[in-house]
Amino acid sequence: MSILKRGLKGAPVKRLQERLGITADGDFGPGTEKAVKDFQKANGLAVDGIAGPDTFTAMGLYELVLLRRGSRGDAVKRLQEGLGIGADGIFGPGTEKAVKAFQEANGLAADGIAGPKTLAKLNSFEEVTEETVKRAEVKPDEAHFESEPLPEIKGAEVVEGSEGEDQLEETSIWSKVTGWFKR
């Protein structure tokens, strides 16, 4: 799930910090949490200090938007509208199935995860372009962050990472997230 919160480390955190105009060390600590809360409050978002797809979208950080089963919010609703399915803002099995079908039809890896490559093909995300897809690649100064699998999502809870399934390409910004939180 594309959320960043206190305790996480990696290239996506560094990019978030750069956009917030704070020290960009790739470590999501209390200063980053406060800056996220301040941004959320100033932009009419839910103020929880957790940066997710809706916060990334409001910041123009479309390269960090990654929607997968368990994601919720306006970005998911836009995805569902673009896919022509019921738009309730909850990424469940039906949305995953529709994403996989869309990916197959558009020559993309059919993994059911809607990242920049998938969103760039949808009319409902016109601000996600091929340039956004390029920005989602790891920059040379971000390559030092270790790679870990994405966590599994059970309801709204993120649990320990899984091996094999849902692995992102090594060049993806999300493939470089470290320090995933446990239950």
Side-chain angles (χ1 to χ4, degrees), residues 1-4 8 10-13 15-16 19 45-46 50-139 142-143 145 147-178 180:
M1 173 159 34
S2 65
I3 63 167
L4 298 175
L8 295 181
V13 174
R15 293 205 189 169
L16 172 68
R19 184 58 57 100
L45 300 167
I50 298 171
D54 292 338
T55 299
F56 298 140
T57 299
M59 296 178 117
L61 284 171
Y62 298 103
E63 69 267 26
L64 295 185
V65 176
L66 184 71
L67 305 171
R68 63 184 289 220
R69 194 187 289 206
S71 298
R72 295 173 176 259
D74 290 336
V76 173
K77 190 172 186 177
R78 285 178 64 190
L79 170 68
Q80 292 166 328
E81 289 168 351
L83 294 169
I85 62 173
D88 62 2
I90 301 169
F91 196 126
T95 302
E96 183 177 50
K97 182 178 177 183
V99 168
K100 285 180 180 180
F102 178 84
Q103 290 169 326
E104 282 181 22
N106 285 277
L108 300 168
D111 59 5
I113 299 172
K117 286 181 183 177
T118 300
L119 300 178
K121 301 268 186 192
L122 285 165
N123 293 334
S124 59
F125 283 88
E126 60 276 347
E127 57 277 281
V128 181
T129 64
E130 287 305 313
E131 182 59 33
T132 306
V133 173
K134 288 179 187 173
R135 284 194 314 265
E137 294 175 4
V138 176
K139 297 175 188 174
E142 297 170 335
F145 292 111
S147 176
E148 286 193 12
L150 287 171
E152 285 301 310
I153 301 170
K154 305 286 187 207
E157 297 295 314
V158 179
V159 296
E160 189 171 336
S162 66
E163 308 250 342
E165 271 188 76
D166 292 339
Q167 298 293 312
L168 298 176
E169 295 176 22
E170 278 301 308
T171 60
S172 165
I173 189 74
W174 283 105
S175 70
K176 297 293 179 182
V177 175
T178 62
W180 282 108

Output the distance between atom OG1 (Thr118) and atom CG (Leu79), rounded to the nearest 0.5 Å. 8.5 Å
Nearest 0.5 angstrom please: Ile90 CD1 to Lys77 NZ, how far? 11.0 Å
Nearest heavy atoms of Arg15 and Leu64, plus distance in Å: CB-CD1, 4.4 Å
What are the two closest non-hydrogen atoms of Ala110 and Glu104, and how far apart are they? CB-CG, 3.4 Å
Would a 4.5 Å heavy-atom cut-off, applied to side chains only, mark Leu4 and Phe56 as touching? yes
If you measure from CD1 on Ile50 to CD1 on Ile3, what distance do you get to the nearest 0.5 Å? 5.5 Å
Closest contact, heavy atoms only, Phe125 versus Leu119: CB-O, 3.5 Å
Taking all non-hydrogen atoms of both residues into account, name the closest pair between Tyr62 and Pro116 and its distance. O-CG, 4.0 Å
Given side chain to side chain contact (heavy atoms under 4.5 Å, CB included), test Val128 with Val65 step by step and report yes or no. CA-CA 10 Å; Val128 181; Val65 176; over 6 Å; no
Does Gln103 reach the main-chain N or O of Asp111 with its side chain, forming a donor-acceptor pair under 3.5 Å? yes
What distance do Glu130 atom CD and Lys121 atom NZ have between them, rounded to the nearest 0.5 Å? 6.0 Å
Who are the side chain to side chain donor-acceptor pair (under 3.5 Å) partners of Glu127, not counting sequence neighbours? Arg78
Measuring from Gln80:CD to Leu122:CG, what's the distance to the nearest 0.5 Å? 11.5 Å
Test Met59 against Leu16 for side chain to side chain contact (heavy atoms under 4.5 Å, CB included), laying out the working first. CA-CA 9 Å; Met59 296 178 117; Leu16 172 68; 3.5 Å; yes
Would the distance check show the side chain of Asp54 and the main-chain N or O of Asp74 forming a donor-acceptor pair, the cut-off being under 3.5 Å? yes
Residues Val133 and Ala120: closest non-hydrogen pair is CG2-CB, 4.0 Å
Any chance you could measure Glu63, atom CD, to Thr132, atom OG1, to the nearest 0.5 Å? 7.0 Å
Scanning both residues in full, the closest heavy-atom pair of Ala75 with Leu67 reads O-CD1, 3.7 Å
